[in-house]
2 protein chains.
Amino acid sequence: MARSELRRPAPAPELGLDVYRRLREGIIAGRFQPNERLVEANLSRMLGAGRTAVRAALVRLDQEGLVTREHNRGARVRLVSDQEALQIEEVRAALERLLARQAAAKATASDIRELRHVLVDMRKRLSSGDAIGYSELNPKFHQLIWATARNPTAGRLVGTLKSQSLRFQYQTMLRPGRPQRSLREHELIFSAIVAHDPEAADAAMRDHLEEVIETLRWAIGHKSRPPQWLPD
Amino acid sequence: MARSELRRPAPAPELGLDVYRRLREGIIAGRFQPNERLVEANLSRMLGAGRTAVRAALVRLDQEGLVTREHNRGARVRLVSDQEALQIEEVRAALERLLARQAAAKATASDIRELRHVLVDMRKRLSSGDAIGYSELNPKFHQLIWATARNPTAGRLVGTLKSQSLRFQYQTMLRPGRPQRSLREHELIFSAIVAHDPEAADAAMRDHLEEVIETLRWAIGHKSRPPQWLPD
DNA sequence: AGACGGGGGATTGTCGACATTATTAGCGAT
DNA sequence: ATCGCTAATAATGTCGACAATCCCCCGTCT
């Protein structure tokens, strides 16, 4: 039984999980630079938790592919090379095709309603010239498809993959005419799901992600500067 | 540097990693039954390591999908339902298709030599009636394909998936005529890779794994008894 | 001056102890 | 006898400390 509340406001509703989430958030948001050392003691102070929690979070993030850990050498933010980013996108494409197929097979009226809602939002933002707003809705659309497919295994995997390559996404919408084509591709996927046509959904998703990969290749080729080295 | 102490049996070349590997091995080998509680103190004594190492291993295994952890309730061996096993196999199929495709594109002479070697071994064992020996070589063949594809991301993912559904594999070869057809399917995959024909490799792998999934479905339908419960 | 080797600082690996929480057993009341 | 409540038990969450290890700087020797 809990005695009187000690002076801590919220000592432990899953503190460890919170540390994990915040660290993950920080890495994805880019608050830690790639290849930056993640010193346990620092993070411990920074996050206000003991080293054990930090360590557990690092283990999870390592398994998730967001950090690399070497024995007796600590953890660093994992730097994903351009080549790796392409590989990751290819894998993601394979999984998303499966998910699109299953989503088409299993979509309920409610699922379709939600998808349509996101899609009209996308249309709206795009026609008002809000390209970044559009690209913010993009993940939402895909996540709804994952949920519709009701395949937790594939869903989890594709989610972690997405988080690994997230640093690259913002560049892809800079390509001239890309947002419009992207919207059209999404509409095709949506149509296939509405029609409960797994084959068409698979094909539409394949075309879409091939375009995405192609665009990513273009973005990599055109990016301003090769990776810039800052000394430690 | 004074290096007098050399005869230590296993002082600490990554003790934590060893704990993880042994636990993982134990779970996959079935030494822990599904849904069995994994008490940290017990494992700590059993494996001769502190609780910290055990805890870290459990976190990794949780992220890997082999155990489930609930807050303040400890860890259990994850029980994968039949439905989940099928889902996992479907995901695996999607990834293996990609890997087969890339393997066909990138295979070197050395890769092909190794693949051929395994394949003739499979033929030999099968023609001598050694069905279980054949099914032992099966993973080896696939792993060679993963290595040939040179896609670490997909390779890791498919590896972890395989470990999750490993409990089901032994049943699939009991189907009459299955080994012969399996061998034939493998030969087709091999041919496509030798011909450096990604399209054909993809198709061959698709056909193969559709057969596997179908067989798995059959095995699930025909399995002797629903899971038997032993009290704690 | 350059190479080799030792030492100091920093960081991780490992451990046991303490606090917190879930579970179970026991007891009494209705 | 069943239900509700309380107390004991067992296991997890969390923490700081100690030891082992690595890295880098610096002094010394050739």
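Order of the sequence lines sets the chain letters (A, B, ...), proteins ahead of strands, with each chain counted from 1.
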| query | Separation of A:L47 atom CG from D:dC15 atom P, in whole Å? | reply | 11 Å
| Donor-acceptor pair under 3.5 Å: do we get one between B:R73's side chain and the base of D:dG13? | no
| task | In whole angstrom, give the distance that lies between atom CG of B:N72 and atom P of C:dT23. | result | 9 Å
| What does B:A53 touch in the nucleic acid at a heavy-atom separation under 4.0 angstrom: a base, only the sugar-phosphate, or nothing? | nothing
| Selection from D:dT21, D:dC15, C:dA17 that lies nearest to any side-chain heavy atom of B:R51 | C:dA17
| request: Working to the nearest 0.5 Å, report the span between CG of B:L61 and OG1 of B:T68. | output: 11.5 Å
| request: Run the numbers on A:E84 and B:T153 for side-chain hydrogen bond (donor to acceptor under 3.5 Å, both in side chains), then give the verdict. | output: CA-CA 8 Å; A:E84 274 177 304; B:T153 304; 5.6 Å; no
| message | Using whole Å, what does the distance between atom P of nucleotide D:dG16 and atom CZ of A:R45 come to? | response | 12 Å
| Could you give the CZ-to-P distance, from A:R76 to C:dT12, as a whole number of Å? | 11 Å
| If you check every side-chain atom of A:T52, which of C:dG13, D:dT12, D:dC15 has the closest atom? | D:dC15
| task | Ignoring the backbone of A:V39, work out which of D:dG13, C:dT14, C:dT11 is nearest its side chain. | result | C:dT11
| task | Measure the distance from CG on A:L43 to C1' on D:dT14 and round it to the nearest whole Å. | result | 17 Å
| Between A:L58 (CG) and C:dT11 (C1'), how many Å, whole number? | 13 Å
| message | Tell me whether B:E25 is salt-bridged to B:R22, with the criterion being a basic N under 4.0 Å from an acidic carboxylate O. | response | no
| Within the structure shown, what part of the strands sits under 4.0 Å from A:L38 by heavy-atom distance: base, sugar-phosphate, or nothing? | sugar-phosphate
| query | For the side chain of B:E40, counting heavy atoms from C-beta on, which of D:dT14, C:dG16, D:dG13 is nearest? | reply | D:dG13
| request: Quick one: do B:Q87 and A:Q102 satisfy side-chain hydrogen bond (donor to acceptor under 3.5 Å, both in side chains)? Show the steps, please. | output: CA-CA 11 Å; B:Q87 282 186 355; A:Q102 296 184 342; 5.8 Å; no
| message | Within the structure provided, determine whether A:H186 and A:N138 are in side-chain contact (heavy-atom separation under 4.5 Å). | response | yes
| said: Rounding to an integer number of Å, can you tell me how far B:N42 CG sits from D:dT12 C1'? | reply: 13 Å
| Gap between atoms CE and C1', on B:M46 and D:dA11 respectively (whole Å) | 15 Å
